[in-house]
**Q** 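Below is the structure I would like to discuss, written out as structure tokens.
Everything numeric in this text was worked out from a predicted model, so none of it was measured.
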Amino acid sequence: MKKIPDQKLLSRLLSRHSIESFFSVQDLPFELYSFEKGDYLNNELDPLEYLLFPVSGAVRILHIRDDGSVHQISAENKTVCLGDMEFATGRTSLYLIEAAHSGYCIALPLKECRKQLKQDPVFLNFLLGQLARKIELASASQALPRNLKERLDFYIRTQCQDNTLKGVERAASALSVSKRQLLRILKELCNEGIMAKEGKGTYRLLTADEIPMAEFSGGDEKE
């Protein structure tokens, strides 16, 4: 990661992503950093000392299991708060934040404002929502079946805006399968009328109203 001393760009990004609306405290000492694909953001900037807000690129939230294996919880290409677990507990969490694509990250050093933030109801409410979402994703991911269709359904419903998968390679990486495997499953789901292909690398999960009524044989029973 590299610190970017560009106050105009920092101001534009703060405004574009409404980051200052997460706080009622004014004039916070935000800083701007760039990161490259493969960087571990919480290794570069200690999450006990910084809150991080990726504002471009994409990051992956990884969880280290008790046996040392690494499991991806989510892939984010929207603004999230990193360091929330550490702020709430005062301890380093077992999450890793890996840059999936290069981008910019806004950092808030906590040295001078930690005490104020602990009394800030706007920030604490925002923090509560962030923590609840991560706990929900972590719990759900632990219960995921190994069936790829069900894993894909969960991924689309929790990680894709408007239940639309955009980018097969990114989804394959998130699901720990090959691109060819994922394309095969997507084709099957389209043939079954569960998904619809809407462009190159773009697939939408159909709503219940859009899925054709299943034909039940019921043996030789006739009305």
**Q** Tell me every residue that passes salt bridge (charged side-chain N to carboxylate O under 4.0 Å, His left out) with K197, counting only those two or more places apart in sequence or in another chain.
**A** none
**Q** Report the residues that fulfil side chain to side chain contact (heavy atoms under 4.5 Å, CB included) with E49, sequence neighbours left out, ordered by chain and then residue number.
**A** D46, R114
**Q** Partners of M1 by side chain to side chain contact (heavy atoms under 4.5 Å, CB included), sequence neighbours excluded?
**A** Y33, F35, D39, L41, E44, L45, C105
**Q** Quick one: list whatever passes side chain to side chain contact (heavy atoms under 4.5 Å, CB included) with K8, sequence neighbours left out.
**A** D6, R12
**Q** Quick one: closest heavy-atom pair of A107 and Y50, and the distance?
**A** CB-CD2, 4.0 Å
**Q** Could you list all the salt bridge (Lys or Arg N to Asp or Glu O under 4.0 Å) pairs where at least one residue sits in residues 177-189, not counting sequence neighbours?
**A** K149-E188, E169-K179, R184-E188
**Q** For S11, what residues pass the side-chain hydrogen bond (donor to acceptor under 3.5 Å, both in side chains) criterion, not counting sequence neighbours?
**A** none
**Q** With distance as the sole test, does N42 use its side chain to make a donor-acceptor pair with the main-chain N or O of I97 at under 3.5 Å?
**A** yes
**Q** Who passes side-chain hydrogen bond (donor to acceptor under 3.5 Å, both in side chains) against D153, sequence neighbours left out?
**A** R157
**Q** Strictly distance-based, threshold 3.5 Å: is any side-chain N or O of N163 a donor or acceptor partner for the main-chain N or O of R204?
**A** no
**Q** Ignoring hydrogens and angles, tell me if any N or O in the side chain of D120 forms a donor-acceptor pair with the backbone of V122 under 3.5 Å.
**A** yes
**Q** Might you work through the side chain to side chain contact (heavy atoms under 4.5 Å, CB included) test for F123 and Q116, ending with a clear yes or no?
**A** CA-CA 10 Å; F123 170 67; Q116 289 175 287; over 6 Å; no
**Q** Mind checking side chain to side chain contact (heavy atoms under 4.5 Å, CB included) for S34 and listing every partner two or more places apart, or none if nothing turns up?
**A** K2, I4, Y104
**Q** At what distance, to the nearest 0.5 angstrom, does OG of S15 lie from CD of E20?
**A** 8.0 Å
**Q** Excluding sequence neighbours, so at least two apart, what forms ring-ring contact (aromatic ring centres under 6.0 Å, His included) with Y40?
**A** none
**Q** Kindly indicate whether the side chain of L206, heavy atoms from C-beta on, has any atom under 4.5 Å from the side chain of I194.
**A** no
**Q** Sequence neighbours left out, what passes side-chain hydrogen bond (donor to acceptor under 3.5 Å, both in side chains) with T89? Give chain and number order.
**A** none
**Q** Can you check whether Q181's main-chain N or O pairs, donor with acceptor, with S178's side chain at less than 3.5 Å?
**A** yes
**Q** Please list all pairs meeting ring-ring contact (aromatic ring centres under 6.0 Å, His included) that have one or both residues in residues 164-206, counting only residues at least two apart or in different chains.
**A** none
**Q** Would you list the pairs meeting salt bridge (Lys or Arg N to Asp or Glu O under 4.0 Å) in which at least one residue belongs to residues 95-106, sequence neighbours left out?
**A** R60-E98
**Q** Ignoring hydrogens and angles, tell me if any N or O in the side chain of H17 forms a donor-acceptor pair with the backbone of V55 under 3.5 Å.
**A** yes
